[in-house]
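Reading through the structure tokens given below for one structure.
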Amino acid sequence: MTEPQPILEVKNLRKVYKTIVAVDDVSLKVHPGTCLGLLGPNGAGKTTTIEILEDIFEPTAGTIHYKGQPRRGSFREEVGIQFQHTSLLNYLTVKETLRTFICLYGDPEEFDTLVQRCELGPLLQRRNNKLSGGQQQRLMLALALVNRPSLIFLDEPSTGLDPQSRRNLWQIVDQIKAEGKTIILTTHSMEEAEYLCDEVAIMDKGRIIAEGSPEALIKQYCGSSAILLPLSVDTRKLENLPYLWQQQKDQIRIDSDDIYTTIAALSTLNIDLSGMSISSANLEDVFLQLTGRQLRD
Amino acid sequence: MKLQRIWALFLARNLEFFRDKAAFGWNFAFPFLIIVGFGFMFEGRNHQQFKVGLFPVAAEELTFADTTLPRSFQTEERVQFIPLPGRHSGEELLRHHKIELLVDVYSADHAYWVNDSSPTGYIAEKLYLASFLPENSQVANKKIIEGEEIRYIDWFFPGLIGMNMMFSALWGVGYVVVRYRKNGALKRLKATPLTPLEYLCAQTLSRIFLLMFTTAVVWLGSDLIFDFNIQGSLWLIFFLFFLGGLCLCSLGLILAARGTSEEFTSGVLNFISWPMMFLSEVWFSLEGSPEWIRSVSQLFPLTHMLAAIRKVMNEGATLIDVGGQCLFLAAFTAAALIIAAGMFSWND
């Protein structure tokens, strides 16, 4: 069976600012109808990468193919973009802003559809500078959908939002996904990536250091689960345990593919299991495993 | 180029301007206050007044009884008399150019003091000396110019409106575009099919619409106060304001094409606007100034705009008479728009 043609294919992408290499040899494929998340610590090159893919910045080297062809002038007619940092005309209302952007495209979405999808109905007469963070993000998302895009870029869409607004935004994005649209998003939030993304690419220092589905990455880098023991456990006994373990700040962690066998091994070594708990590994564990736990500037 | 996109942005920018009450109010208040202020300063006083210190005269009793001051000098309307207690205080004022001439009003030999480094002092001295000539003596043949009088305000007013247009166009376009670039608004527009030329045309048209609107309101208000004497067509005057405004907006777009720092852009805008204000005959005529200054002034669009408007307003010139200036302004606008579109960057 042949692999379907990717909607976006990037090869050996590189971006250099004077002496700083922001993006270094990034290659990836995005298939139609999937959601790809670019994850990474601050300064990893996520935003630079996504803005090159959006055709906002030119790469120093590398190729980008959209639907099998180099991007053309019509690219901006067909993709939707939500930036991390942007601004709108302060004194315009939500309704006027949407109408203005609708006029910029040849085949725009219906005004009412946009309003309904992004839940902007009660906000139509409100000025842009009077919107809360979550309301602004919903408006920005609506603007990204104005041209009925087949490919949507979302750069940290939920940064700075409270939990309710974040959940609300995820639900809207989930509905967009359900319509078969392709999404590329960057995020700091592992919870967001696990909720929305079919595939993730973890970036660090301008390079992609791991990619795959969240489940596959968790399995590959953290095992499926972890047994957590209190620090009071006699660690000398653990020396004989046939599994990898690590002493963390407030607990001892044992990553394991088979919880029952591991517990049996711990019992055999007469280790006190009274304070034991079991934790399923998640994407954050993968992220920390790959990018380290040191504070990044 | 799609007109629909230009129209959408034109409307959006205008809505923003009219809703920003502070900016909106200031765009009317500033030119109106300047015009009314300067208008009243110069109205009915088309000449300079010279300050002449008189001593020894008590501040509260400035009378000329028993003084040796010539009668014709006492009634000279170009002179403002300043009473002074003594010579010493008068000399201090003269040294610091606060008065042009100092006269001892009881001196039998009409003693006076003047600061030789003061050009206005030289004129005041000549006025004083001329007042000693017999009243009916005729040393030259005086003729009065014929025709309707052109008051100073009639000459000065287009300059003030032009100056306001220049600042509003350069800052309203140049500074605003840089601000939009810095806050990411331009980046958002770059993600749409909008082209730089479409965006720049929308910005220019929006600003010229606002400029013409404010100019019309300020003109109407000022005309009610000063009753301007207009020799030519008012429509032609407004057409020239339109053409000049477009030209100034286009110049603002070049300055804003790449700037990312509001501070740097302010500096560049000042660097352009201040010489243009002084060399484009806003405040005074360059008649008699060195040739190179007049040559430099011809580079500025404001010079051509004001020259054409004054020709129409003060001399009754027609469109054909000001065709050269119109061509210059139109060509400058087209060239500036093309250059700005070529240089334009959406990103910071």
Item to complete: Specify the closest pair of heavy atoms between A/Val200 and A/Ala193, including all atoms of both residues, with the distance to one decimal.
Response: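 A/Val200 and A/Ala193 have their closest heavy atoms at CG1-CB, 4.3 Å.
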Around atom [atom1] of [X], are there more than 12 heavy atoms from other residues, nucleotides or ligands closer than 6.0 Å?
| X | atom1 | value |
| --- | --- | --- |
| A/Lys177 | NZ | yes |
| B/Glu262 | CD | yes |
| B/Phe264 | CZ | no |

Worksheet item: Is it the case that A/Arg72 places NZ or CZ above or below the six-membered ring of A/Phe75, under 6.0 angstrom from the centre and within 45 degrees of the axis?
Response: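 Geometry flag: not set, cation outside 6.0 Å or 45°.
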Item to complete: Taking the six-membered ring for Trp and the single ring otherwise, decide whether the centroids of B/Phe157 and B/Phe228 are under 6.0 Å apart.
Response: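 Yes; B/Phe228 has its ring centre under 6.0 Å from that of B/Phe157.
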Worksheet item: Of the backbone (N, CA, C, O) and the side chain (C-beta and beyond), which part of A/Phe101 lies under 4.5 Å from a heavy atom of chain B, both, or neither?
Response: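 For A/Phe101, the contact with chain B is made by the side chain alone.
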Practice prompt. Tell me, for A/Phe83 versus chain B, whether the close heavy atoms (under 4.5 Å) come from the side chain, the backbone, both or neither.
Written response: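 For A/Phe83, the contact with chain B is made by the side chain alone.
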Is the shortest heavy-atom distance from the side chain of [X] to the side chain of [Y] under 4.5 Å?
| X | Y | result |
| --- | --- | --- |
| A/Lys29 | A/Leu8 | no |
| A/Ile102 | A/Leu114 | yes |
| B/Tyr180 | A/Leu89 | yes |

Worksheet item: If you measure from CG on B/Leu205 to SG on B/Cys249, what distance do you get to the nearest 0.5 Å?
Response: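 Between B/Leu205 CG and B/Cys249 SG, I get 9.0 Å after rounding to 0.5 Å.
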Item to complete: Look at the rings of B/Phe238 and B/Phe241 and say which category their plane angle falls in: under 30° parallel, 30 to 60° tilted, over 60° perpendicular.
Response: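 Taking B/Phe241 first and then B/Phe238, their aromatic rings stand perpendicular (interplane angle over 60°).
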Worksheet entry | For A/Val21, the option from A/Asp24, A/Thr19, A/Val23 that meets side-chain contact (heavy atoms from CB on, under 4.5 Å) |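 Between A/Val21 and the candidates, side-chain contact (heavy atoms from CB on, under 4.5 Å) is satisfied uniquely by A/Asp24.
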Discussion item. With a strict 4.5 Å heavy-atom criterion, list every residue of residues 124-134 of chain A that contacts chain B, or say none.
Written reply: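 The residues closer than 4.5 Å to chain B, in numerical order, are A/Arg127.
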Discussion item. So if I take each residue of residues 49-67 of chain A and look for any heavy atom under 4.5 Å from a heavy atom in chain B, which residues do I end up with?
Written reply: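 From residues 49-67 of chain A, the residues near chain B are A/Glu51, A/Asp55, A/Ile56, A/Phe57.
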Worksheet item: With respect to chain A, which residue among B/Gln4, B/Arg13, B/Lys2 yields the maximal number of heavy-atom pairs within a distance under 4.5 Å?
Response: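 Most heavy-atom pairs within the cutoff with chain A belong to B/Gln4.
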Fill in: Heavy-atom proximity to chain A below 4.5 Å, by part of B/Leu189
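Side chain of B/Leu189 only, per the 4.5 Å heavy-atom cut-off to chain A.
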Worksheet item: Checking B/Phe18 against chain A: side chain, backbone, both or neither under 4.5 Å from a heavy atom?
Response: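 Neither; nothing under 4.5 Å.
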